[in-house]
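Inspection log for the structure reproduced underneath, given as structure tokens.
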Amino acid sequence: MVSNFPPKLRSAPVSNTERQRQFRERNPGYYGRLHRRSNQRGVVFAAAKQAALAAGLVESVAISVACEVALNQTDLLLAIAQAKRPLMLPAPAELLLIPGINAIPTRQQMQAAREQVAVSRES
């Protein structure tokens, strides 16, 4: 089968500087848009962090809320509400008693047993 595309013509080697200049000519305003987007995220992050701190969140939680808003474009009030949501923990845990595991003495029990043996040997 014959290809419809013309064969690639190899061009002369070009320096990196020249390649960047050609890219800028082909894509005017690319770097401006790129930097504007990056700077905008920083401004949104700072504003969201201040709003979260004003809502009464701890700084570490405020930073996570600000990241959520700036990077994932989440609604600020929703992110703050999720951060303030109380943990829905189950009822207090019951002491788990497993005969094989609970038979293994703790370090304090071992030390108490050694002291008793030492006292009984001295007497």
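Of all heavy-atom pairs between M110 and P105, the closest is SD-CG, 3.5 Å. Of all heavy-atom pairs spanning A83 and V65, the tightest one is CB-CG2, 3.7 Å. The two residues A70 and V44 make their nearest non-hydrogen contact at CA-CG1, 3.9 Å. Counting all heavy atoms, side chain and backbone alike, A52 lies closest to I80 at CA-CD1, 4.0 Å. Looking at every heavy atom in both residues, A79 comes nearest to V69 through CB-CG2, 4.0 Å.
For Y30, the OH atom is loosely surrounded, since the number of other residues' heavy atoms within 6.0 Å does not exceed 12. Counting heavy-atom neighbours within 6.0 Å of Q22 CD, excluding the residue itself, gives a total above 12. Around atom CD of E18, more than 12 heavy atoms belonging to other residues, nucleotides or ligands sit under 6.0 Å away. Around atom CD of Q73, no more than 12 heavy atoms belonging to other residues, nucleotides or ligands sit under 6.0 Å away. Atom CZ of R19 is surrounded by more than 12 heavy atoms from other residues, nucleotides or ligands within 6.0 Å.
The structure places CZ of F45 at 10.0 Å from CD of Q50, a figure rounded to the nearest 0.5 Å.
The hydrophobic clustering, which links ILVMFWY residues whose side-chain heavy atoms are closer than 4.5 Å, places V61 and L53 apart. One hydrophobic cluster, built from ILVMFWY side chains closer than 4.5 Å, cannot hold both I63 and L76; they sit in different ones. One hydrophobic cluster, built from ILVMFWY side chains closer than 4.5 Å, holds both L34 and F23.
Proximity of R21 to T17: side-chain heavy atoms (C-beta onward) are nowhere separated by under 4.5 Å. R36 is not listed as a side-chain neighbour of Q40, based on a closest heavy-atom distance of 4.5 Å or more.
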